[in-house]
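In what follows, a single structure is set out as structure tokens and then discussed.
Chain naming here is simple, since letters A, B, ... match the order of the sequence lines and numbering starts at 1 in each.
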Amino acid sequence: MEYKFSEIEKKWQAAWKTSDAYKVSNTSSKPKYYVLDMFPYPSGAGLHVGHPLGYIASDIFSRYKRLKGFNVLHPMGYDAFGLPAEQYAIEHGVHPAVSTHKNIDTFRAQLDNIGFCYDWSREIRTCEPTYYKWTQWIFLQLFNSFYNTQKNKAEHISNLIDEFEKNGNASHACPSDATVQFTAAQWEAYSNQEQQQILMQYRLAFCGHGEVNWCEALGTVLANDEVVNGVSERGGHPVVKKKLRQWYLRITAYADRLLSGLETIEFSEAMKEMQSNWIGKSYGAEIDFKIASAALDTDATLTVYTTRPDTIFGVDFMVVAPEHDIIASITTKEQQIAVDNYIAYVKSRSDRERQAEKKISGCFTGAFAVNPFNGKQIPIWISEYVLAGYGTGAIMAVPCGDERDHKFAQHFNIPITNIIGDAYNGQEANSTKDAPLFNSDFLNGILMRDAIEIALAKIEARGIGKRKVNYKMRDAAFSRQRYWGEPFPVQWKNGVAVALDETELPLLLPAVDSYSPGPEGEGPLANIPAWVEKELETNTMPGYAGSSWYFLRYMDPHNTDSFCDRNVSDYWNQVDLYIGGTEHAVGHLLYSRMWTKVLFDLGHIGFDEPFRKLLNQGMIQGSSRFVFRKKGTQQFISAGLIAGQEVDKLHVDVNMVDGVELDMEAFKKWRNNEYANASFELENGKYICGVEVEKMSKSKFNTVNPDILVEKYGADTFRMYEMFLGPVDQSKPWDTKGIEGVHRFIKKLWRLFFDEEKGAVYNNEPASPEALKILHRTIKKIEEDTERFSFNTAVSAFMICVNDLADIKCHSTQVLSPLLVLLTPYAPHVAAELWTATGNQESILDASYPVFDAKHVTESSKEYPVSINGKVRTNISIALDASEEEVTAIVLADTLIQKWMEGKPVKKFIFVKGRMINVVV
RNA sequence: GCCCUGGUGGUGGAACUGGUAGACACGCAGGACUUAAAAUCCUGUUCGCCGCAACGCGAGUGCGGGUUCGAUUCCCGCCUGGGGCACCA
């Protein structure tokens, strides 16, 4: 009997489908376990070998947990709204729903090939009205809520209105504008419109104004992705910033809880660090500086935010962001032209470019601020390195303590005040907190670290500023001027946003004739008269709306009365294991954490963190292959021979290359015989290609389609090979050539059961102690490795096990059957085939997991490596229960050891039981 | 620029908590079986040096320092690949 993987895999996939083997119930006496993959965006390029890496890992873990007796929820779906489908629609006129459907079908077929254990009856697609109805519903919850800072949770907006009617907003400061203050009487006196405007500033989903990338030539707003070097990717037109009305989510209200919540979940330290850096909580002060200009009214002040109030006497200049409102009122006549020019220059630049810029640029406003402590006049500059969105959009610059300020001062010849004595060398800034202060009046001689608190107290006492906790994180922009997204369930009546009633959901995305933007850069929905007549919002929601809560819908995907029944979400609770890439570190993972907290606050679910444990999979890079064409000819030169030649370097399809050797016949037929006339200059009869590692992408011809590998080697081989490639969380280039080794392993396993000539060779004889030792060593290793997601070493352990069993010619089912159960999560098809072939009746998917028994593997002695002065000189076998005295005696009596000791006395004898021995002489 | 992360043989990687560096594979070389090939099996394979061989010597985990009896692992400085940076998903 031969290992016919193709037949076997088809057979079992069909059998599991017919028997609904992967269907999961919402009620079970077993403990629950929820394993989730980050669902894919169904791009037109289909699945490449990078996608399944995480899916295979989650599949292995789900199957493992099932064998261990858990009721495992393991669903899959599609994040189906988004820009690429819309782009495709603009270019090809195909409705996004049509191309998305087609792409999903391709993805599904590819996923099925690999033999995943998803419960497909729970599939969701974020672009389906049955799904986005509930995305819109959650938006209404956000819109109708505010953050009660007294109780530290979200509440219905009606509670806030009650409070305003009784007490005004005295105990509920306006989160976006602290100057908004009113009494109950004033509230009553406001018009409905005024009241609504105030409420908008409290809502968790609110309207405001924000800057977008605006391309006048295309008449549209561009995503950051569509802007390259300050011009549009399509057509290369100039892009500037433009202010538009936008929806936002008040994620800043949750900044502290998003931060403290990290302590309750198992994310990697790196991931937690990225999130807390993104949130960017800092403690400091806002300090008011009066403007020193007789021409201006004397009350004008510039407020800066600083985390280092201790350096107040080292301020040599101020820098305000080019967008800062104060610029218009303080710029002097002499500087006006220079300032205008500078602001125009900055307008064309992205935040990223502004921060990354090494060249120092800036412009003096002509105005001065006054240091409130010593009356010193401080010049006010504008520079792109200060961003409007952070702090107050203005900083006090202390060149001796901040590198960027220092470079700025040097560049513009601004005199530098030294407030840290010898700690400043005059050449570069020193950002220490551990130097005593100089030239600092009442802070002189005090360590900076301690001076911070003293300065804060003084600033508050004198009323020139106040303590302030600041966050780098900004509220999340939540609207797009696009078509392919969820419509907002909102109508605009007399300038007031009015939420639709729940009963009106879903608000269906209407058909459009054109995907072009509406007038003034609005979304395509603005082109539909019926839509505009109803005064419906013309923006749509961003890609992350649907993905912020999808893990809840899987629990109860067909519910028509609720996004997810409370009893069901109480049962499944948090996602126990979430697998996906780090590229979502600060986007999706923060948004879904916020949405979960809001739903929790409002009582819709019973937990406030969505993901109990997160495993990040690495990125699979493509390994590109190149051929070298002699300039102006059809002659291709092998990589080793190109030195000194003028050649063009061309990407070739990696699938035509075996390792680095080009299949020349395939190459000639490639791209419709484009290279039919190619001639080759070979080395040792072979054409050797150039190699480079880059992002896996269709245009680089370095994508590898899993279908081809599954066809050639089978799904089991493919699954195990992806795992064998390396640690699941590490990025690595794809290379197909090692797959043979894994395939050989499975064939070797097969031969433990069936011989091509002899037929069945397995037997029911009692297993030898050696065989049991091999089995139990493997049970321990596989269980440990699977638990810690070390799938590559688990595959290696399987190989060692099969090699060892083959060496001792063990064919006993007493050993082989438990081995198959261990293997099921990794290679389910071949395991199931051999399991039934050896006479088992029950399904291997629910077999009982083998239990490790230490008695089979205990050793009585150990080959100790013995070092002299840290260099291993010999190995000595010593009983494991030997005492240190016995060991010392044995080692020192060894002739080889005596030779290396050269008669010197023992200085130190180090004995680590079960590990090693080191003699220091 | 800022944040995170990686760097070990010809290649992918192993070494889990400071304790024999290179497990397991790929590739390569040689051999067995075969008319031949495929498949399979066996042997060798970090580098350098000495050599008939050795359970010989030396070096060695990106580079330079440090701590330690002992460092791929911990500390300091540097070089370099990858991911993210708020409208790609």
Could you run down the sub-3.5 Å N/O contacts of the protein with nucleotides 66-69 of chain B?
unit_1 : atom_1 : unit_2 : atom_2 : d
B:C69  : O2'    : A:N918 : ND2    : 3.4
B:C69  : O2     : A:N918 : ND2    : 2.5

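Residue A:N875 is the one, among A:S796 and A:N875, whose nearest nucleotide of RNA chain B lies closer to the 5' end (criterion: closest heavy atom).
Heavy atoms of A:V221 sit under 4.0 angstrom from at least one base atom. Residue A:T793 is classed as a sugar-phosphate contact, given heavy-atom separations below 4.0 Å to backbone atoms only. As judged by a 4.0 angstrom heavy-atom cut-off over every strand, A:M38 is placed among residues making no nucleic acid contact. If you check every strand for non-hydrogen atoms under 4.0 Å, A:R744 touches sugar and phosphate atoms only. The residue A:R915 sits close only to the backbone: its heavy atoms come under 4.0 Å of sugar-phosphate atoms, none of a base. Residue-level contact check: A:K907 touches neither bases nor backbone, having no heavy atom under 4.0 Å from any strand. Contacts of A:K913 with the nucleic acid, taken as non-hydrogen atoms under 4.0 Å apart, are absent. At the heavy-atom level, A:V742 lies nowhere under 4.0 Å from the strands shown. Residue-level contact check: A:R751 touches the backbone only, with heavy atoms under 4.0 Å from sugar-phosphate atoms and none from bases.
Under the 30°/60° scheme for interplanar angles, the aromatic rings of A:Y826 and A:F791 are found to stand perpendicular. Under the 30°/60° scheme for interplanar angles, the aromatic rings of A:F488 and A:F478 are found to stand perpendicular.
Residues meeting the salt bridge (Lys or Arg N to Asp or Glu O under 4.0 Å) test with A:K913, sequence neighbours left out: none. Contacts of A:H51 classified as ring pair (Phe, Tyr, Trp, His ring centres under 6.0 Å), with partners at least two apart in sequence or in another chain: A:H48, A:F107. With sequence neighbours excluded, no residue satisfies salt bridge (Lys or Arg N to Asp or Glu O under 4.0 Å) with A:R352.
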For this session: Produce a footprint string for nucleotides 71-85 of chain B: one letter per nucleotide, 5' end first; B if the base is under 4.0 Å from any protein heavy atom, S if only the sugar-phosphate is, - if neither.
Result: -----------SSSB

For this session: Mark up nucleotides 28-34 of chain B, 5' to 3', with B wherever a protein heavy atom is under 4.0 angstrom from a base atom, S wherever such an atom reaches only the sugar-phosphate, and - elsewhere.
Result: -------

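Distance, A:E740 CD to B:A25 P: 14 Å, rounded to whole Å. Spacing between atom CZ of A:F478 and atom P of B:C87 amounts to 12 Å, rounded to whole angstrom units.
With both ends at atom C1', the span from B:A86 to B:U11 equals 39 Å, rounded to whole Å.
Within the 3.5 Å criterion, the main-chain N or O of A:N539 finds a donor-acceptor partner in the side chain of A:E537.
Salt bridge annotation for A:R482-A:E226: present, with a cationic side-chain nitrogen under 4.0 angstrom from a carboxylate oxygen.
Within 3.5 Å, a donor on the side chain of A:Q481 pairs with an acceptor on the base of B:C87, or the reverse.
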